[in-house]
2 protein chains.
Amino acid sequence: MVVSPDIYNLHQPMLVAVDCIIFGFDERGLKLLAVKRQMDPARGEWSLMGGFLGGNESLDEAAARILHQLTGLTGVYMDQLYAHSHPLRDPGARVVSVSYYALIKISGHNQEQAKAHGAEWFKISEIPPLIFDHNEMVEMALQLLRRQAKTKPVGFELLPEKFTLPQLQALYEAIYQKELDRRNFRKNIQSMGLLEKLAEKDKAGSRKGAWLYRFNIEKYEAFKNQGFFFNVSV
Amino acid sequence: MVVSPDIYNLHQPMLVAVDCIIFGFDERGLKLLAVKRQMDPARGEWSLMGGFLGGNESLDEAAARILHQLTGLTGVYMDQLYAHSHPLRDPGARVVSVSYYALIKISGHNQEQAKAHGAEWFKISEIPPLIFDHNEMVEMALQLLRRQAKTKPVGFELLPEKFTLPQLQALYEAIYQKELDRRNFRKNIQSMGLLEKLAEKDKAGSRKGAWLYRFNIEKYEAFKNQGFFFNVSV
DNA sequence: CCAAAAGTGTTCGCCGTACACCCATGA
DNA sequence: TCATGGGTGTACGGCGAACACTTTTGG
C-alpha cells in the first residue's frame with residue numbers, strides 16, 4: 001500500500017483498540033451498557049464493548065462499527081474521549097485503547113442483538129468492577145457528559161422522540177446528581193425555543209399527566225453548529 | 001513479555017505516534033513552536049515535533065520525552081488532545097497519532113537544542129502549512145486552549161515567573177483574539193486572590209513602568225485540584 | 001375526597017459590562 | 001511639556017436563585 005521509509009521500521013507497532021462507553025436513560029435513571037467479555041484474558045468479566053482498529057478505518061469508523069455490532073444503531077451521537085496507553089493496561093498484549101462515549105435512546109436499540117453479546121444496563125451508581133482500566137474510562141466519560149450537558153442539548157440524544165418536561169428535568173438531575181428547581185428549569189429550557197409542545201399528554205408518570213414535547217430539529221442543528229449555551233445552572 | 005491469546009493476533013498492529021503542539025507567549029503574541037522535518041517523507045517541510053510511542057512507555061511519558069528532546073524542559077504543563085487516525089494521514093505508514101498540547105515559557109527553554117532540531121516560533125496568525133494533518137491539530141489545540149483559559153490559570157504556564165498585569169491581559173487578548181476592558185480585567189483577576197504584587201516595576205513596556213506580580217503557587221494548586229473558574233469574560 | 005405529580009410568576013442580589021479621567025516618567 | 005502607557009471606581013441591567021400555591025385526575 002505505501003512506502004515504509006526506514007525510520008518507521010525502527011519502532012514497535014502495537015494494537016489499537018476502541019472501547020465504547022454507552023449511556024442511556026430511562027425512568028430509573030442514567031445507565032451504562034456493559035458486556036460480559038467473551039475472550040481471554042478476563043473472559044466472563046464485565047467490560048465495555050470494544051474492538052480493534054482495522055487497517056483501513058478511522059477510529060470514528062471503528063467506534064461506529066462496534067456500537068452498531070452491539071446495538072444495531074447507526075448515526076448515533078459519539079465523541080472521542082481519550083487514548084489510554086499504560087503499557088500494562090491490557091495483560092493480553094500491548095494495546096492502546098481509544099475510548100468513545102455514546103448517547104443512545106434505550107428504547108431504540110436492538111435488544112436481542114445486545115443480549116447475544118451478553119450486554120446489560122447498569123445504573124450509574126451501581127456499575128460493577130470492569131476489566132482493565134474500563135472503570136476509569138467510565139469516570140472520564142461521566143465528566144465529559146457533565147461538561148457537554150451544559151453546552152450541548154444532550155437530552156436530544158438520550159430521550160425518546162416525545163418526552164415530557166419532568167422527564168427532561170429528571171435527565172439533568174441524573175447527570176448532575178442534583179435536584180433542580182422545577183420553575184427555573186422550565187423557564188430556562190423553554191426560553192431556548194428548542195422545544196415544541198405537542199397536543200398529547202403522557203399519563204404514565206402521574207394521574208394528571210404531563211404534556212409531551214419534542215425537539216425542533218432545525219433549531220437543534222443551528223445551535224449545534226454555532227456553539228451553544230444550554231442554560232441549565234448547576 | 002506477555003501471553004498473546006489468539007484473538008489479539010487476528011488484528012493489525014500499527015505505529016502510534018505522538019505530536020506536540022507547543023505554545024509560547026511573548027510581547028509579540030501567542031506562538032507555536034514548529035520544526036523542519038528531518039525524515040522522509042516530507043523531509044524539510046514544517047511539522048509539529050513528534051515521535052513514536054515506545055514499547056514500555058505511556059503516551060504521557062512519550063509526550064514529555066519528545067518535548068524534552070526539543071526544549072530541554074521537564075515538568076511542563078501538557079494535556080492529551082486527540083487521537084488522529086485517518087488511514088492515509090501519514091503517507092509513510094499506517095500511523096495513529098495522539099496529539100498533546102503543551103504550554104511553555106518561551107524564555108525558559110534551551111534555544112540551542114531547539115535550533116538543532118530546526119525549530120522556529122511562529123505567530124499564531126502566521127502558521128505555515130504543516131505536514132499531514134498537523135494544521136488541524138493546531139486548530140484543535142487552540143480551541144482547547146481557549147476552553148481551558150476560562151477554567152484554568154493557563155497564564156501561570158505561559159508567562160515568566162514575574163509578569164505585569166498588562167502582560168497578563170495581553171495574553172488573554174491573544175488567546176481570545178479580542179480586546180478586553182482593562183478595569184474589568186484587573187478586577188476579575190485580582191478578585192481571585194491568586195496574584196502577589198511585588199515591590200518591583202517592569203519598565204520595559206512604558207515610561208511609567210508596570211508593577212510586577214507573581215502567582216501564589218499554593219492557591220494555584222488548590223484551585224487546580226478543586227475545579228476552578230477563571231473569571232474572565234469573553 | 002384525597003394523594004400525587006404537573007404546572008405557573010415574582011422578587012432579590014450579584015455579576016458582567018460599559019465607561020472617563022488622573023498618574024508617572026523619559027525624551 | 002508632552003506623549004505614552006499604567007492605574008483606578010461607579011452605575012446599570014439582566015440573569016441566576018430562591019420560593020408556594022393551584023390544578024388535574026385516578027383510586
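Naming convention: chains lettered A, B, ... in sequence-line order (proteins, then strands); numbering from 1 in each chain.
- When each of B:Lys162, B:Gln190, B:Gln167 is checked for a side chain to side chain donor-acceptor pair (under 3.5 Å) with B:Tyr213, only B:Gln190 meets the rule.
- For the pair B:Lys201 NZ and D:dG5 P, the interatomic distance rounds to 15 Å; values are reported in whole Å.
- With hydrogens and angles ignored, the 3.5 Å screen pairs a side-chain donor or acceptor of B:Asp181 with a backbone N or O of B:Asn184.
- Between B:Phe185 atom CZ and D:dG7 atom P there is a gap of 12 Å when expressed in whole angstrom units.
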Please tabulate the protein-to-nucleotide N/O contacts below 3.5 Å involving nucleotides 8-12 of chain D, giving atom names and distances.
| from | atom 1 | to | atom 2 | distance (Å) |
| --- | --- | --- | --- | --- |
| D:dT10 | O4 | B:Lys187 | NZ | 2.8 |

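- In this structure, B:Gly209 and A:Arg207 both approach DNA chain C, and ranking their closest nucleotides by distance from the 5' end singles out A:Arg207.
- Separating the CG atom of A:Asp202 from the C1' atom of C:dA6 is a distance of 12 Å, rounded to the nearest angstrom.
- What separates CG of B:Leu180 from P of C:dG16 is a distance of 13 Å, to the nearest Å.
- Annotation: cation-pi pair B:Lys105/B:Phe156 present, NZ/CZ under 6.0 Å from the ring centroid and within 45° of its normal.
- Nucleotide D:dG16 holds its P atom 6 Å from the CG atom of A:Asn188, rounded to whole Å.
- Rounded to an integer number of Å, the gap from B:Lys203 NZ to C:dA24 C1' is 8 Å.
- Applying the salt bridge (charged side-chain N to carboxylate O under 4.0 Å, His left out) test to residues at least two apart or on different chains, the pairs with a partner in residues 20-33 of chain A are A:Asp26-A:Lys31.
- Note: CD (A:Glu27) to C1' (C:dA5) measures 16 Å, nearest angstrom.
- Remark: the B:Lys208 side chain and the C:dA24 base include no donor-acceptor N/O pair separated by less than 3.5 Å.
- One atom, CH2 of A:Trp211, and another, P of D:dT24, lie 11 Å apart when rounded to the nearest Å.
- Contact of the A:Leu142 side chain with the A:Leu30 side chain is registered, since non-hydrogen atoms from C-beta on lie closer than 4.5 Å.
- Judged by distance alone, the side chain of A:Ser85 and the main-chain N or O of A:Val96 form no donor-acceptor pair under 3.5 Å.
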